[in-house]
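Report on the structure given below.
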There are 2 protein chains.
Amino acid sequence: MPYLNRAVPDPEPMDCRILTAGLTLFVENGYHNVSVHDVQRKANVSIGSIYKHFGGKEGIAKKLYYHLLNEIDELINQAIKDKTTIREKSEEIIRLIFTYTETERNIIAFIFQPNHQDFLPDEPPICSASPFRRLREIIREGMDDGEIREMSTEVAASAIFGVAIRMVQLRLDGIVENPLPTYLDEVFDACWNGILINNDESINQETEDLVAQL
Amino acid sequence: MPYLNRAVPDPEPMDCRILTAGLTLFVENGYHNVSVHDVQRKANVSIGSIYKHFGGKEGIAKKLYYHLLNEIDELINQAIKDKTTIREKSEEIIRLIFTYTETERNIIAFIFQPNHQDFLPDEPPICSASPFRRLREIIREGMDDGEIREMSTEVAASAIFGVAIRMVQLRLDGIVENPLPTYLDEVFDACWNGILINNDESINQETEDLVAQL
DNA sequence: TTGACAAAAATGAACATTCATTCTATAAAT
DNA sequence: ATTTATAGAATGAATGTTCATTTTTGTCAA
């Protein structure tokens with residue numbers, strides 16, 4: 001069983017083995033390019049067991065999806081519970097996502113890469129799932145508290161977490177070559193302060209003007 | 001044939017009809033949930049014609065993919081050719097993407113939603129395709145010219161276009177409720193100036209401190 | 001500890017279905 | 001007349017699913 005919080009039990013029980021095999025294969029080949037037989041072979045279990053435990057291929061995907069969303073949910077809630085400012089909270093969340101992109105690639109790839117509605121047609125889009133809603137809530141709080149400028153929640157959330165998510169996708173696709181944590185400060189700086197050339201000069205200019213007036 | 005630049009010819013020739021039908025079905029149901037027969041039925045052509053023209057299902061997808069990437073490429077090059085600053089260029093590009101998300105939903109969805117390697121396994125990831133590379137080049141120029149702060153190209157590109165792309169995805173998933181162009185200024189402002197609360201106060205504070213020292 | 005029995009779990013061959021592709025026949029164009 | 005384009009029934013490989021059988025696990029009496 002692929003965990004973000006707990007350690008994987010040893011020996012891994014059958015249903016965990018099936019989920020682990022499914023995750024790996026789905027990420028490597030894409031859900032639709034993986035047959036139940038592939039999973040069965042990789043997990044070293046029989047076809048029957050898969051149908052007994054999960055009712056079929058979609059059952060595996062669904063269980064994985066719920067489980068991993070829940071893992072991420074717990075992770076986020078745990079990470080921000082003793083942070084006070086939105087800045088600290090979002091920085092910690094991005095740090096976690098970046099770290100796990102390196103250490104638990106498959107889990108992050110399964111959540112961030114595919115269009116889940118392709119294989120879980122009855123699920124709402126992942127952006128409306130709990131952890132993603134949570135991100136927007138955090139941003140919302142930040143605006144209510146005056147820590148963040150007033151703007152649409154979606155725009156603000158995209159401006160912070162959208163950048164991070166984009167970096168994750170670029171990393172998973174091999175465009176970004178260094179481990180993501182390397183970029184943490186840069187990403188965060190770009191989100192909060194914008195990407196304009198540092199406006200120290202303009203500030204100094206304003207100051208000089210003001211002093212001259214005195 | 002789904003075009004961004006040209007008008008669709010009328011009557012639509014057979015290969016165009018096939019591509020249009022494919023695009024619609026792929027976006028609505030996901031590539032793997034569409035059979036060649038579905039496309040054939042929707043396009044009002046025979047199975048044979050599809051194999052004659054495209055060699056099969058993957059041929060349709062590949063042709064669509066190349067064609068649409070090319071359309072976007074042309075669009076971008078055309079849009080920025082008489083803009084001078086990076087700011088103007090990127091603003092125009094985002095404006096175009098936002099506009100077409102509303103008017104040519106299927107095209108934008110086909111390019112931005114799926115993980116193309118699921119059905120075009122021999123293609124490099126879309127982020128390394130021409131239009132996306134182009135976006136990073138533009139940002140790179142901006143840094144070389146001193147218009148943008150010095151940072152990793154990928155971070156800067158994510159900070160500008162990643163936010164826009166995220167907004168597109170949220171819009172396609174129905175999370176964002178208003179037409180994207182509504183958010184243009186907000187998005188752009190957030191990218192360039194960051195999302196911090198307007199730092200006029202801190203500037204004033206600095207100025208006052210300085211004045212006090214004199 | 002051993003052996004008998006029942007319940008639960010696991011197995012995998014067999015089955016059913018879907019679907020990409022082929023191929024031959026027909027129509028249209030040159 | 002010959003080439004080219006279109007049609008669609010037929011094919012068969014791939015793959016999701018079932019179920020009768022086997023194996024394992026747990027329980028309890030001797």
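Everything numeric in this text was worked out from a predicted model, so none of it was measured. Values below: every heavy atom of this structure, side chains too, minus hydrogens, waters and symmetry copies.
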Would you mind classifying the nucleic acid contact of Gly48(B) as base, sugar-phosphate or nothing, using non-hydrogen atoms under 4.0 angstrom?
base

Write down the distance between NZ (Lys57(B)) and P (dT21(C)), rounded to a whole number of angstrom.
9 Å

Just how far, in rounded Å, is P of dT21(C) from CD1 of Ile47(B)?
10 Å

Closest to the 5' end of DNA chain D, once Glu58(A) and His53(B) are matched to their nearest nucleotides, is His53(B)

The side chain of Ser49(A) is closest to which nucleotide in this list: dA10(C), dA7(D), dA20(C)?
dA10(C)

Give a yes or no on this: more than 12 heavy atoms of other residues, nucleotides or ligands lie within 6.0 Å of atom CG of Asn77(A).
yes

In whole angstrom, give the distance that lies between atom CZ of Arg41(A) and atom P of dT15(D).
9 Å

Testing dA20(C), dA7(D), dT11(C) for proximity to the side chain of His37(B), the answer is dA20(C)

Taking the six-membered ring of Phe119(A), is the NZ or CZ of Lys57(A) close enough (under 6.0 Å from the centre) and on axis enough (within 45°)?
no

Name the nucleic acid region contacted by Val34(B), choosing base, sugar-phosphate or nothing; use a 4.0 angstrom heavy-atom cut-off, strictly under.
sugar-phosphate

Given dT15(D), dA7(D), dT11(C), which nucleotide is nearest the side-chain atoms of Val45(B)?
dA7(D)

Could you tell me how far apart Asn29(A) (CG) and dT15(D) (P) are, to the nearest whole angstrom?
11 Å

dT6(D) P sits how many Å from Lys52(B) NZ, rounded?
8 Å

Within 6.0 angstrom of Asp145(A) CG, more than 12 heavy atoms from elsewhere:
yes

Any idea which of dA10(C), dT17(D), dT6(D) is nearest the Val36(A) side chain?
dT17(D)

Starting at atom CD1 of Ile50(A), determine the distance to atom C1' of dT18(D), rounded to an integer number of angstrom.
14 Å

Would you mind telling me which of dA9(C), dT22(C), dC19(C) lies closest to the side-chain atoms of Tyr51(B)?
dT22(C)

In whole angstrom, give the distance that lies between atom CG of Asn33(B) and atom C1' of dG16(D).
14 Å

For the ring-ring contact (aromatic ring centres under 6.0 Å, His included) test, which of Tyr65(B), Phe132(B), Phe26(B), Tyr31(B) pairs with His116(B)?
Tyr65(B)

What's the CG-P distance between Asn44(A) and dT11(C), to the nearest Å?
9 Å

Hydrogens and angles aside, do Glu154(A) and Ser158(A) bring a side-chain donor and acceptor to less than 3.5 Å of each other?
no

So, OP1 or OP2 of dC19(C): does either fall under 4.0 Å of a side-chain N or O from Ser35(B)?
no

Using only side-chain N and O atoms of Ser46(A), determine if any of them is under 4.0 Å from OP1 or OP2 of dA10(C).
no

